[in-house]
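Ligands are counted one by one from 1 in listed order, and the atoms in each one are counted from 1 as well. When a residue number appears, it is its place in the shown sequence, counting from 1.
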Amino acid sequence: MNSVSENLQIVHDKIARVACDYGRNPATVQLIAVSKQQPADKIMAALAAGQRAFGENRVQEAQQHWRDLKTTYPDLVLHLIGPLQTNKVREAVRLFDMIETVDRADLVRALAQEMKKQGRTIPCFVQVNTGAEEQKAGILPEDLSALLSLCRDEGLEISGLMCIPPVTEPPSLHFAFLRQLANAHHLANLSMGMTADFEKAVALGATYVRVGTALFGER
Ligand SMILES: *Cc1c(COP(=O)(O)O)cnc(C)c1O
């Protein structure tokens with residue numbers, strides 16, 4: 001089995017190769033290392049290899065992983081990539097540097113209010129349920145415009161869109177659709193692509209890919 005540092009190199013190389021194939025500057029694609037359910041030694045190995053952007057899907061687990069390390073590594077960038085309950089907004093705004101899962105009006109209002117209170121502006125992504133799956137988080141595509149207007153009204157800075165395609169469909173369709181939606185709303189960033197499909201996502205314009213297993217091994 002490769003070390004975390006070797007895996008990082010492999011994933012970076014793949015991103016760079018696909019980006020170049022599609023006429024994109026590799027520096028416009030950021031790798032977010034998804035550290036949920038991974039042991040501390042692997043996280044430390046990624047930090048030692050220079051990785052600074054990490055993704056977590058639960059506020060509480062992220063606090064356990066990162067609260068102390070944040071002081072040691074002030075250049076860390078922590079992304080929340082899992083659903084956020086409004087009663088966890090205070091902790092989330094304290095800990096994270098990017099929130100990728102804004103998907104409903106009450107969360108928009110709670111985040112805007114809490115950021116004002118803490119005097120801390122965290123760029124957010126709106127998560128879109130591109131497959132309109134019933135059990136899945138994310139705003140339905142037809143409701144995106146209204147949610148983005150609310151974000152503008154509340155002063156919540158939206159830097160892009162995020163999606164998790166249905167497992168039963170070709171991800172490329174969803175990546176292309178997310179890009180279309182982002183273009184229509186003049187949003188610059190796309191968070192899409194995981195271990196199984198990050199190269200396809202880069203080909204279709206991802207500016208952030210969220211990769212766990214390919215870096216750290218199975219959870
Ligand atoms: C766990 C997770 C990932 C990483 O998945 P891998 O298949 O391990 O790369 C990416 N995005 C989200 C939202 C996740 O929850």
Side-chain angles (χ1 to χ4, degrees), residues 1-15 18 29-39 42-43 45-46 49 51-66 77-85 88 92 95-104 107 122-133 135-139 158-172 174-175 177-179 181-182 189-219:
M1 209 172 79
N2 289 330
S3 68
V4 171
S5 135
E6 286 164 334
N7 288 337
L8 274 165
Q9 193 56 56
I10 291 167
V11 171
H12 275 299
D13 287 348
K14 285 181 175 168
I15 291 171
V18 180
V29 186
Q30 289 220 39
L31 173 60
I32 303 169
V34 177
S35 49
K36 68 182 187 203
Q37 295 168 55
Q38 296 291 349
K42 290 189 176 172
I43 293 175
Q51 179 67 29
R52 289 296 180 270
F54 291 86
E56 291 279 352
N57 69 340
R58 284 161 186 268
V59 177
Q60 209 166 355
E61 188 193 1
Q63 284 173 327
Q64 284 159 10
H65 276 163
W66 296 106
V77 181
L78 296 181
H79 292 242
L80 177 62
I81 60 173
L84 179 57
Q85 294 170 293
K88 300 263 173 64
L95 182 70
F96 288 99
D97 305 292
M98 196 93 95
I99 292 176
E100 297 206 12
T101 50
V102 175
D103 65 353
R104 56 192 196 278
L107 183 57
I122 304 172
C124 294
F125 284 68
V126 171
Q127 180 178 356
V128 184
N129 185 353
T130 55
E133 295 172 279
Q135 78 290 359
K136 196 169 269 178
I139 187 98
I158 299 299
S159 97
L161 301 179
M162 178 270 213
C163 77
I164 307 170
V167 287
T168 53
E169 289 177 29
S172 293
H174 293 268
F175 297 157
F177 182 39
L178 195 71
R179 177 162 75 173
L181 292 172
N189 288 299
L190 290 168
S191 173
M192 55 191 200
M194 324 201 318
T195 290
D197 52 24
F198 70 88
E199 289 166 279
K200 291 190 179 95
V202 172
L204 287 163
T207 58
Y208 293 88
V209 292
R210 312 176 305 265
V211 179
T213 310
L215 299 176
F216 299 113
E218 294 293 334
R219 287 179 287 272

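In this structure, Arg52 places its CZ atom where more than 12 heavy-atom neighbours from other residues, nucleotides or ligands lie under 6.0 Å away.
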- Query: Glu61 and Gln37: side-chain contact (heavy atoms from CB on, under 4.5 Å), yes or no, with the steps?
  - Reply: CA-CA 8 Å; Glu61 188 193 1; Gln37 295 168 55; 4.1 Å; yes
- Query: Are Glu133 and Lys136 close enough, and set up right, to give a salt bridge (Lys or Arg N to Asp or Glu O under 4.0 Å), and what steps lead you there?
  - Reply: CA-CA 5 Å; Glu133 295 172 279; Lys136 196 169 269 178; 2.8 Å; yes
Would you mind writing out the side-chain donor-acceptor pairs for residues 201-218 within the sub-3.5 Å range, not counting sequence neighbours?
| residue | atom | partner | partner atom | Å |
| --- | --- | --- | --- | --- |
| Thr207 | OG1 | Asn189 | OD1 | 3.0 |
| Thr207 | OG1 | Leu190 | N | 3.0 |
| Thr207 | OG1 | Leu190 | O | 3.3 |
| Arg210 | NH1 | Ser191 | O | 3.0 |
| Arg210 | NH1 | Ser191 | OG | 3.0 |
| Arg210 | NH2 | Cys163 | O | 3.1 |

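Residues satisfying the salt bridge (charged side-chain N to carboxylate O under 4.0 Å, His left out) criterion with Arg104, sequence neighbours excluded, are Asp106. Residues forming a side chain to side chain donor-acceptor pair (under 3.5 Å) with Gln9 (at least two apart in sequence, or on another chain): Asp13.
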Check ligand 1 against the protein and report each N/O to N/O distance under 3.5 Å, formatted as atom name, atom name, distance.
| residue | atom | partner | partner atom | Å |
| --- | --- | --- | --- | --- |
| ligand 1 | 8 (O) | Thr213 | N | 2.8 |
| ligand 1 | 8 (O) | Thr213 | OG1 | 2.5 |
| ligand 1 | 8 (O) | Arg219 | NH1 | 2.8 |
| ligand 1 | 8 (O) | Arg219 | NH2 | 3.3 |
| ligand 1 | 9 (O) | Thr195 | N | 3.0 |
| ligand 1 | 9 (O) | Thr195 | OG1 | 2.5 |
| ligand 1 | 9 (O) | Gly212 | N | 2.8 |
| ligand 1 | 11 (N) | Arg210 | NE | 2.9 |
| ligand 1 | 15 (O) | Lys36 | NZ | 2.7 |

